[in-house]
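Read the structure below first, then the notes.
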Amino acid sequence: MSDPQRLQLLRSINEAADAELLRSLRDHANDRMASKRSELPIDQFYTELNEAYDAMIRRAISLAEAHMARVGMGFPPVPYAYLLFGSGGRCEQTLSSDQDSGLVYEDEPDVEKAEANRNYFAKLSRQVVLVLERLGFPRCEGNVLSDNPAWSMSLSSWNKQLDEWFEHPAWESVRYLLIVADGRCVYGDSLLLDRMQDHFFANMGKHPIIIGRMLENTMRHKVLVGIFGQLLKERYGEDTGSIDMKYGAYIPMVNAIRLMAIQQEIRNTSTLERMKALQKAGVLSDEDARSYSEAFLLFLQLRLMTTEKQEMGMYANNGKLAVRTLTRDTIEQLKRGLRIGKRLQRRVFKQASVRLR
Amino acid sequence: MVKKLMLSVVALLMLFPAMAFAADEGPSTSLLNMGLNSVWIVVAFVLVLLMQGGFILLETGSTRMKNAGHVAGKTIFTIGLCTLIYWAFGYGIFNGGADISEGLRKFIGWGDFFYSPVTSAGEGDSFPVTAFFLFQLAFATISLSIAWGGFAERAKLSVYLVFTIFFTAVVYPVIAHWIWGGGWLAADGAQDYAGSTVVHLTGALAAMAATILLKPRIGKYNKDGSANEILGHNQVFSALSVLLLWVGWFGFNAGSALSVGDGFFGFVAFNTMLGAGAGTVSALLISWAITGKADISTTLNGALAGLVAITASCAFVDPWAAVVIGLVAGVLVFFSAKLFEKLRIDDPIYAMSVHGAAGVWGTLANGLFATDELATKVGVGQGGLFDTGSWHQFGVQLESVVVCGLYVLIASFIILGVMKLVMGLRVTEEQEIVGLDLSEHGTYGYPEQMKKAQNNNLQA
């Protein structure tokens, strides 16, 4: 934390008076981080970027709270936690990640008050999502957003929802459970999320078959390396010759490690942290942990080089990397990394299937 | 009752007098042989004609809904026109019986225009010329339909009309004469049993000239040169088309024996089946290995490429070689399609890869795999490299591919080039976007769906 610019940026974010100012800070942060892309070690880069984005999201939430008070809706009636899912939950946001969020608040026995609470948090989330959109964070296409009632509930409703998903593990429900597994509290009372997680893992014990369903759900994204060790690139359209770094390299690895972590009741959400915890638990050998994290860091790095564009003020990215822009060395590294990713995927598949029998 | 019985016996005897006198004067063995041959040739003609059903489905399935009626209908129309032109002129160039100088006969046939054949086989003929004419005509229509692949989705209807005339009169029959009609390549011993070069390569190169002159379809390529995938509208049509073609191919190859004789046509059919199977399998596997996805259109192309390749060699090679020829064809068609796409040659039906690349390979394969024994039996050329250790036959095969290829390509470029100057080849941009069903014929091939799509567009 010795970098004075970095401290200065965080301070400015915490003091930003309105969304407009925050937006200019986001643009500033993105420019700053983009220029530091090649200087910083890659894990350091992600730490700094996610720290800045976390700060912006927190500031956006407190601005939204203030807005609520100003329009006469008062202050948060009960403690709540604002949750990040997806790459935000895993502290792996890139310069163009979208919003994946949810919200959990303390229970209220009184029915009338409970309804008022629901109303308050619905309005608050709508405001938060709106402010974040103005900062250039696009809405999640799958509508995993705190302003969607399905992702914003009281703790007991959340637990009931989790029970429901565990008991009827349809394809969509399992997908939701995997999303919840990446949940991280970015603002508010993190104990609420802890209690949700307690409930989650208690259910894992009660429903051992869920691992198999989770496996089916996460293994559909293939690592994009062919049987000759060649890269499987896009063959048509504007991205011809590009490789889908997001779904063909990064996500398969995230999914595999997440599944291993869930089996070990590891609550860390960042993939690298999960790897460390798995190593500590003796699930991954030192050798494996090293090669997996090396491959993953490479994917994180190449993900930053994927085609970026601003669309209607939103920072967007299609996750695809033009292979011709890479040096021969990097291509070799990427192929090696993908083979490691593929091995990991196969290993998880075997492990989880053995458990089923 | 007895009266009735007697009456009917007498009536039957009058109807079938042969029954009563069969013992006295039966048909000669050669007459029976001729009869059997002609039945087989006419059956083979019907099978080859039915392959047009395959081309209709293949071309429609691989293109978009807005052109479906046009694509299907024009095939039927051009078969009709091709029949008349071939009868009037093409057959004469291929095999006309007029007395012309030996030197000229090396290059074209002459005479028998507006062909008026004798009604039945003469003494000692192994089949009637009428059956032979039909069989040869069917081949001409196939070559023509292959060429249409290069025109698909953007050529004017009038282009189909004019090109059919020239192709049937002066492109196809010349090549057929060179190799099958006693022309100069036949004299050199060029082996092309059922037409890998004569029918398939000829069609493919006409398609190539067309697609180069017509330029890619709107939306096929982006500004940076990358290609877009324009998916056909019905993969089931395409798969069915391959089955139809596959079945018809037994008329194509086994029919080319032109005789029943000692049953050699069975061996030809046998090799044909092996080649097709091998092409199918290798095409699916190679697309799976290279792209990570087992591609259906590549698999279908592989079946056809195996068939095209084995067409030249089906009578000249041992079964194991038929399998090798098919396997190579399946792999070849996959890479060939990729290459043409990279060269920015838009080939919607893959005519150049399936019929061109595989046609060249099949013809050359004779130079490698043909056996002396079979070459002697068929009576054309000699064994290839692996059987005889000599490159001679390979050289002949190479020569026939190169000269035939050059002739077709140059002739097609001239014909289409002149047509482009005089009448224009391509529909307007607007017509192409609306679809040829509407612009060339005034109705859609799929009226309900297309109207629905239009309404959706209006709302959006």
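Any value given below was found using the heavy atoms of this structure, including those in side chains, with hydrogens, waters and symmetry copies removed. Chain letters run A, B, ... following the sequence lines, proteins first and then strands; every chain starts at 1.
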All pairs passing salt bridge (Lys or Arg N to Asp or Glu O under 4.0 Å) where residues 219-238 of chain B contributes a residue, at least two apart: Lys220(B)-Glu341(B)
Under 4.0 Å between a side-chain nitrogen and a carboxylate oxygen: does that hold for Arg217(B) and Asp346(B)? yes
Salt-bridge contact Asp182(A)-Arg90(A) (side-chain N to carboxylate O under 4.0 Å): yes
Select one option (side chain, backbone, both, neither) describing which atoms of Glu238(A) are under 4.5 Å from chain B's heavy atoms. both
What part of Ile227(A) is in contact with chain B, defined as an atom under 4.5 angstrom from a non-hydrogen atom: side chain, backbone, both or neither? both
Given the options Ala227(B), Gly225(B), Gly292(B), which has more heavy-atom pairs under 4.5 Å with chain A than any of the others? Ala227(B)
Aromatic ring centroids of His355(B) and Tyr350(B) under 6.0 Å? no
